[in-house]
K.L.:
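Dumping the structure here so I can ask a few things about it.
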Protein chains: 2
Amino acid sequence: MSNLDQARVASRSTETTRAALIKAATSVFAEYGYDGGSVRLITQRAMANQAAVNYHFGGKDGLYREVLIAATKTLEQSSFLCPEELDARSPEEALRLYLRQFLLPLVKRDRVSMYLRIFAWESVRPSEAFNAFIVASPPRIFQLAERVVKRFLPEEAPAETVTFATLWLAHQPMFFVRDAERLARAPFALKFDESSLERLVDTLASFSLRGLGNP
Amino acid sequence: MSNLDQARVASRSTETTRAALIKAATSVFAEYGYDGGSVRLITQRAMANQAAVNYHFGGKDGLYREVLIAATKTLEQSSFLCPEELDARSPEEALRLYLRQFLLPLVKRDRVSMYLRIFAWESVRPSEAFNAFIVASPPRIFQLAERVVKRFLPEEAPAETVTFATLWLAHQPMFFVRDAERLARAPFALKFDESSLERLVDTLASFSLRGLGNP
DNA sequence: TTGAAATTCAAACGCTCGTTTGAAGCGAAA
DNA sequence: TTTCGCTTCAAACGAGCGTTTGAATTTCAA
C-alpha cells in the first residue's frame with residue numbers, strides 16, 4: 001500500500017471538504033477581500049471545522065492560493081477575456097469590451113464575477129499572499145489593460161506613460177465593482193441593473209476614448 | 001470657580017497632549033488609514049499614554065473626528081482648492097488644477113498632503129467614523145470634482161451621468177496618492193519626483209480631457 | 001500648605017483573528 | 001474484529017486591537 005493508494009482511498013471525503021472550503025472561500029473573499037474575509041466565516045459557510053483550513057491547505061494563505069489558482073485557470077479559459085479576442089477587434093471595440101467584461105460583476109453573481117471581484121479587492125491593497133502568487137504565476141488578465149492601452153498609444157510612447165495609462169484604465173471598472181455596495185447607498189444611490197450597467201459602460205467608454213472635453 | 005475656569009486652568013498641559021495626539025494621529029492615519037492606524041502607534045508617536053486617547057477624545061473615533069475637523073478647516077482655507085478658484089479658470093485649466101492639487105501629496109509631505117492622503121484612504125473604504133462625520137459636516141472639497149465635471153457636461157446631462165463622471169474623475173488622483181508606496185515597488189517602479197509628477201499630471205489631464213483616442 | 005480636581009500611567013479586560021492541540025471518529029486493510 | 005492512518009472536532013493558544021480601570025501623580029485655588 002503506497003501513499004498514492006492511501007491518497008486515492010481517502011480522496012473522496014478529502015476532496016469534498018477541500019472543494020467546499022474553496023467554494024466558500026471564493027464567495028467570502030469576493031465579498032470581503034482577503035484581509036476582511038475570516039477563516040471562521042469560510043468554514044461556517046463550508047460547514048467544516050475551523051481547523052480544516054489548516055489541515056488541508058496549511059493556513060489561510062494556502063486556501064487563498066488555491067482560490068487564485070482556480071481563478072486564473074477559469075479566467076484563462078474564458079473566451080471573453082482572452083487577448084486574442086481583443087486583438088481581433090478595433091481599438092475602440094477592444095476598449096469597450098474590456099470595460100464591459102470587467103464591469104459585469106456589477107450585475108452577475110457567477111463564478112467568473114466572484115473571481116473578478118477578488119482581483120478588484122487586490123487592486124486596492126494587495127495581500128502578501130497575492131503578491132507571492134502573481135510573482136510565481138502572473139495571471140494573464142493583468143496584461144489585458146496594457147494590451148488595450150497600447151492599441152491607442154504611439155509605438156514610441158515611453159514605458160512610464162504606458163504604465164500610467166494602464167493603471168488609469170484598469171482601475172476604472174475595478175473601482176465600481178469593488179465599491180458597488182457602498183455606491184448603492186446614499187449619497188450616491190447607484191443601483192446597478194442591466195440598463196444602468198450599459199449606461200456605465202457607455203459613459204466610461206466615452207470618457208476613456210474621447211475624454212470629458214469631447215462628448 | 002466654574003467649569004470654564006477649570007478648563008482654562010488645566011488647558012496648558014491638556015492642550016499640549018491633545019495637540020500632540022492630533023498631530024501624531026494625522027501622520028498615522030495618513031500613512032495607514034483609519035483601520036490600519038493603531039492607537040498604540042499614535043500614542044507612541046505622541047509620547048503619550050494609550051489611555052490618553054480615550055481620556056481626551058473619548059476613543060479612536062473621537063480623535064479621528066478631530067483630525068477630520070482640522071483637515072476640513074485647513075483645506076477650506078487653502079486657496080488652491082477653493083471652488084471660486086476653479087470657476088475663475090477655463091474648464092481645461094480647472095481640470096488640470098484639480099488633478100495637480102490632488103496629486104501633490106505624491107511629492108509633498110506637508111500637512112495638507114497628509115489630509116489629502118487621509119481622504120484618499122477614505123475614498124477606498126470609508127470608515128464609519130468618516131461617514132458619520134461627512135453627514136454632520138460635509139467637507140467642501142468633495143464638491144470639487146463634481147464642479148469640475150459639470151463644466152464639461154451639458155446642462156441637461158442626467159444626474160446619473162454626473163455621478164459616474166464625478167466618481168471617475170475624483171478617483172484618478174486618489175488612486176495614485178493612496179497606492180504611491182506600492183507603485184514605487186516592482187513591477188511598477190514608479191518613483192515620484194517633481195518631474196514625474198508633472199508628467200503624471202500631463203498624462204491624466206490629457207486622458208481626462210481628450211481620452212485615449214485623441215493624443 | 002492643603003485638598004480636591006485634572007491628568008497620567010501601567011496593567012489588565014474583552015474581543016476577534018489565525019493557528020495549534022490532542023482526543024475522538026471513521027474507513028479500510030489485516 | 002482488530003488495528004492503523006487519515007480526517008474531524010471542540011477547545012484553547014497567542015497576538016493584536018480598542019478600551020477600561022484604579023491608583024499614582026500633577027496642578028492649582030483656597
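In the text below, chain A, chain B and the rest are named by the order of the sequence lines, each starting its count at 1. In what follows, every heavy atom counts, from backbone to side chain, and hydrogens, waters and symmetry copies are set aside.
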K.L.:
Under 3.5 Å, which donor-acceptor pairs do the side chains of residues 144-151 of chain B form with other protein atoms, sequence neighbours left out?
P.N.:
| residue | atom | partner | partner atom | Å |
| --- | --- | --- | --- | --- |
| B/E146 | OE2 | B/K150 | NZ | 3.2 |
| B/R147 | NE | B/D87 | OD2 | 3.2 |
| B/R147 | NH2 | B/D87 | OD2 | 2.8 |
| B/R151 | NH1 | B/L86 | O | 3.1 |
| B/R151 | NH1 | B/R89 | O | 3.4 |
| B/R151 | NH2 | B/R89 | O | 2.5 |

K.L.:
Taking B/R140 for the side chain and B/E76 for the main chain, is one N or O donor matched with an acceptor at less than 3.5 Å?
P.N.:
yes
K.L.:
Taking side chain to side chain donor-acceptor pair (under 3.5 Å) as the definition, give me every residue that meets it alongside B/Q143, ordered by chain and number, with sequence neighbours left out.
P.N.:
none
K.L.:
When the distance from CZ of B/F57 to P of D/dT19 is rounded to whole Å, what number comes out?
P.N.:
13 Å
K.L.:
Go through the structure and list residues passing side-chain contact (heavy atoms from CB on, under 4.5 Å) with B/T163, not counting sequence neighbours.
P.N.:
A/F188, A/L190, B/L167
K.L.:
Pairing donors with acceptors under 3.5 angstrom, does anything connect the side chains of A/E160 and B/S196?
P.N.:
no
K.L.:
Where along residues 122-134 of chain B does a heavy atom come under 4.0 Å from DNA chain D, residue by residue in number order?
P.N.:
none
K.L.:
Whole angstrom is fine here: how far is it from CG in A/L21 over to P in D/dC9?
P.N.:
11 Å
K.L.:
Counting only non-hydrogen atoms, which of residues 33-55 of chain B are less than 4.0 Å from DNA chain D?
P.N.:
B/G37, B/S38, B/V39, B/R40, B/Q50, B/A51, B/N54
K.L.:
Please tabulate, for side-chain N and O atoms in residues 21-31 of chain B, each donor-acceptor pair with protein atoms closer than 3.5 Å (sequence neighbours left out).
P.N.:
| residue | atom | partner | partner atom | Å |
| --- | --- | --- | --- | --- |
| B/T26 | OG1 | B/I22 | O | 2.7 |
| B/S27 | OG | B/A24 | O | 2.9 |
| B/S27 | OG | B/R45 | NH1 | 3.0 |
| B/E31 | OE1 | B/R45 | NH1 | 3.1 |
| B/E31 | OE1 | B/R45 | NH2 | 3.1 |

K.L.:
Just how far, in rounded Å, is C1' of C/dG18 from OH of A/Y64?
P.N.:
16 Å
K.L.:
To the nearest angstrom, how far is B/L63 atom CG from D/dC17 atom P?
P.N.:
16 Å
K.L.:
Starting from P on D/dA15, measure out to NZ on A/K60 and report it in whole angstrom.
P.N.:
19 Å
K.L.:
Check whether the ring centres of B/Y115 and B/F119 lie less than 6.0 Å apart, and answer yes or no.
P.N.:
no
K.L.:
Should A/L212 and B/W168 count as side-chain neighbours, where that means a heavy-atom distance under 4.5 Å?
P.N.:
yes
K.L.:
Is any side-chain N or O of A/H56 closer than 4.0 Å to OP1 or OP2 of D/dC6?
P.N.:
no
